[in-house]
Amino acid sequence: MADPKGFLTTPRQDWPRRPVEERVRDWNEVYVPGALLPLVSRQADRCMDCGVPFCHEACPLGNLIPDWNDLVSREDWRAAAERLHATNNFPEFTGRLCPAPCEAGCVLAINQPAVTIKNVECAIADRAWEEGFAAPAPPDRLSGRTVAVIGSGPTGLAAAQQLTRAGHTVAVYERDDRIGGLMRYGIPEFKMEKRHLERRVEQMRAEGTKFRTSTTVGRDVDAAELRARYDAVVIATGATAWRELTVPGRELTGVHQAMEYLPLANRVCAGDLETSPLSAAGRDVVIVGGGDTGADCLGTAVREGAASVTQLDIYDRPGTARDEDTEPWPTYPKLYRLSAAHEEARALRTAPAAAEDSDARLFAASTLRLTGDANRRVRALHLVEVDAERRPVPGTERVLPADLVLLALGFSGPDRGDGLVSGLGLELEPRGTIARDAGFATNVPGVFAAGDAARGQSLIVWAIAEGRAVAAAVDRHLTDGTTRLPAPIGPYDRPMTV
């Protein structure tokens, strides 16, 4: 601990965002370039040598947070990068995309603003690339064993990198034309520029990982034949079966799933398209769903030039302070948080007839029906306020103009229409996820499942932890029953709750 009184003398400072008027005119990341590094050394000083660091427990990766906070406070960036990469393959991803349950578990957060753990992590990762501390780490020798990883999201990439570094020959199969899964086509550019992803993929190529894009296992490649060609298979396809909105009018033109809308905007940023076929430009947009995916749609619609944007959240507006009775420290509390997209919506007053402090969200709102014009194109969304039990409140119906409705209601499990599940004969859990045992193994010998496909929809930090853990299980399967790879979590581990 470099400054034993840092947490008493230094206030919390987050990475500043660019002015709203500037950032909504481009697709670059929302933060001020270069403004993080001058902050983080003093912010790392706020880590208080708490004795029992609950940030370790709150993070499924088991990140050595106090260690690298201390090293950053001393500006020993090389050692900090070594500590960080010891537990996390992709800290530049989590440092931008993770909601930071570690900060909710920070001991300082009991009665003060937490240490800016996420910002420090991002600064270390970026500095590691700038200083050459993230060089490829190919294995000294090959094992002669082969592994197919299906899916190139954070789980698949983490598993592939760990297994490649252990000496196995790994091929990653991805149904899209580029590697990255949800990080590639689901996460908007303003949250994470894809250069960070490209850089990591090139590192993995240099280490020996093979990539097979535009290949849907179960359709382009027979699933059973693929299993026969490899010594082990890891299924990390994510939870891509989206939840539906079952209300009258769902069939109208102009009603789309979020994951039909967001990939097109990412393809525009990649130069594949000049404009998106589903662009929100000049349209009244309503987003159904109050989570992060809905916020991603909101920020995207604002940048495309929507006439208005409203986001519906079926839950009540949460408070600004932790409820110690229902969500005591160190659990991750449900709080009112202002994402970059909501900050933009508030500043630009995107919602129709928006109140002065509106951030585009309508809380405790449930969709009743959608209505359209003579051409069967959606024109309005009818909603009603609901109580805590989601029961309609009489007399609260209202109508929002809507000629583009985006559904961001989450995901229920892997897609069953591509032939992978049926082709391998995989057993499923009642909720639709792939069944597995305590060692990540499915009912099919040599086939393992990890990430959202088996766990269900979760956070990126859990996805990477699953990838590292399943890699250890596969390595154990391929060798003599032992492994030197870390397994930070088990398949039945869950976030801390009351």
Side-chain angles (χ1 to χ4, degrees), residues 24 27 185-186 188 190 240-270 272-314 341-342 344-345 348-354 358-386 392 396-412 415 417:
V24 297
W27 293 90
Y185 289 124
F190 60 82
T240 54
W242 52 55
R243 294 192 178 97
E244 265 296 348
L245 179 69
T246 54
V247 299
R250 167 62 182 90
E251 75 286 351
L252 294 171
T253 302
V255 183
H256 299 276
Q257 289 283 347
M259 287 308 297
E260 294 174 314
Y261 171 72
L262 291 172
L264 292 170
N266 276 302
R267 288 191 178 278
V268 171
C269 292
D272 297 345
L273 301 171
E274 186 173 340
T275 58
S276 168
L278 298 182
S279 175
R283 302 170 78 174
D284 293 309
V285 181
V286 179
I287 302 159
V288 183
D292 289 342
T293 302
D296 292 344
C297 292
L298 172 63
T300 300
V302 166
R303 282 162 177 76
E304 289 180 336
S308 70
V309 193
T310 308
Q311 183 182 5
L312 307 184
D313 191 331
I314 200 168
H342 294 121
E344 293 156 7
L348 301 176
R349 302 189 67 186
T350 67
S358 172
D359 62 8
R361 283 178 285 190
L362 294 179
F363 292 96
S366 179
T367 305
L368 290 174
R369 61 188 178 279
L370 305 168
T371 53
D373 58 21
N375 295 319
R376 303 293 294 164
R377 170 167 283 281
V378 67
R379 292 300 180 198
L381 182 145
H382 301 251
L383 63 88
V384 66
E385 292 182 20
V386 293
T396 61
E397 286 193 31
R398 58 184 294 190
V399 181
L400 296 177
D403 49 16
L404 177 61
V405 176
L406 302 174
L407 309 181
L409 300 170
F411 305 89
S412 59
D415 184 0

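Here, residue 1 is the first one in the sequence, and each next residue gets the next number.
- Heavy-atom minimum distance, Ala380 versus Val399: CB-CG1, 3.7 Å.
- For the residue pair His382 and Thr371, a side-chain donor N or O sits within less than 3.5 Å of a side-chain acceptor on the partner.
- Distance check, rounded to the nearest 0.5 Å: CG of Leu407 to CG of Leu245 gives 5.5 Å.
- Here Asp272 pairs with Arg178, Arg267 under the salt bridge (charged side-chain N to carboxylate O under 4.0 Å, His left out) rule; sequence neighbours left out.
- Val255 pairs in a side chain to side chain contact (heavy atoms under 4.5 Å, CB included) with only one of the listed residues (Leu370, Val286, Val247), which is Leu370.
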Please table the atom pairs, donor to acceptor, closer than 3.5 Å between any side-chain atom in residues 257-265 and protein atoms at least two apart or in another chain.
unit_1, atom_1, unit_2, atom_2, d
Gln257, NE2, Arg243, O, 3.1
Gln257, NE2, Glu244, OE2, 3.4
Glu260, OE1, Gln257, N, 2.8
Tyr261, OH, Ala301, N, 3.3
Tyr261, OH, Glu304, OE1, 2.6

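- For the atom pair Thr396 OG1 and Leu383 CG, the distance stands at 8.0 Å (nearest 0.5 Å).
- Heavy atoms only, all atoms of each residue included: Ala360 and Thr350 are closest at CB-OG1, 3.6 Å.
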What side-chain donor-acceptor pairs closer than 3.5 Å can you find for residues 305-312, not counting sequence neighbours?
unit_1, atom_1, unit_2, atom_2, d
Ser308, OG, Asp284, OD1, 2.7
Gln311, OE1, His342, NE2, 2.8
Gln311, NE2, Gly289, O, 2.9

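- Pro188 and Asn266 make their closest contact through CA-OD1, 3.8 Å (heavy atoms, listed as atom of the first residue, atom of the second, distance).
- Every side-chain contact (heavy atoms from CB on, under 4.5 Å) that Val268 has, sequence neighbours left out, goes to Leu273, Ser276.
- Closest non-hydrogen pair, Leu404 versus Ser279, comes out as CD2-O, 4.5 Å.
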Check against side chain to side chain contact (heavy atoms under 4.5 Å, CB included), Thr367 and Leu381: CA-CA 7 Å; Thr367 305; Leu381 182 145; 3.9 Å; yes
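- For the pair Phe190 and Thr300, the minimum side-chain heavy-atom distance is below 4.5 Å.
- Closest heavy-atom contact between Val285 and Ala280: CG2-CB, 3.7 Å.
- Under the rule for a side-chain contact (heavy atoms from CB on, under 4.5 Å), Thr275 has no partner lying at least two apart in sequence or in another chain.
- Classification of Arg398 and Glu385 as a salt-bridged pair fails, no side-chain N sitting under 4.0 Å from a carboxylate O.
- Scanning both residues, Leu252 and Gly372, for their nearest heavy atoms gives CD1-N, 3.6 Å.
- Take Asp359 and apply the salt bridge (charged side-chain N to carboxylate O under 4.0 Å, His left out) test, not counting sequence neighbours, and it matches Arg361.
- In this structure, Pro392 and Ser366 have side chains that are not in contact, with every pair of non-hydrogen atoms separated by 4.5 Å or more.
- Atom OG1 of residue Thr293 and atom CD1 of residue Ile287 lie 10.5 Å apart, to the nearest 0.5 angstrom.
- Residues Leu362 and Leu400 form a side-chain contact, since some pair of their non-hydrogen atoms from C-beta on lies under 4.5 Å apart.
- Not counting sequence neighbours, the partners of Glu251 by the salt bridge (charged side-chain N to carboxylate O under 4.0 Å, His left out) test are Arg376.
- One finds the CZ atom of Arg303 at 6.5 Å from the CH2 atom of Trp27 (value rounded to the nearest 0.5 Å).
- In this structure, Arg379 CZ and Asp403 CG are separated by 5.5 Å, a value rounded to the nearest 0.5 Å.
- Shown here are the salt bridge (charged side-chain N to carboxylate O under 4.0 Å, His left out) partners of Asp313, two or more places apart in sequence or in another chain: there are none.
- Side-chain contact check for Val378 versus Thr253: every heavy-atom pair is 4.5 Å or farther apart.
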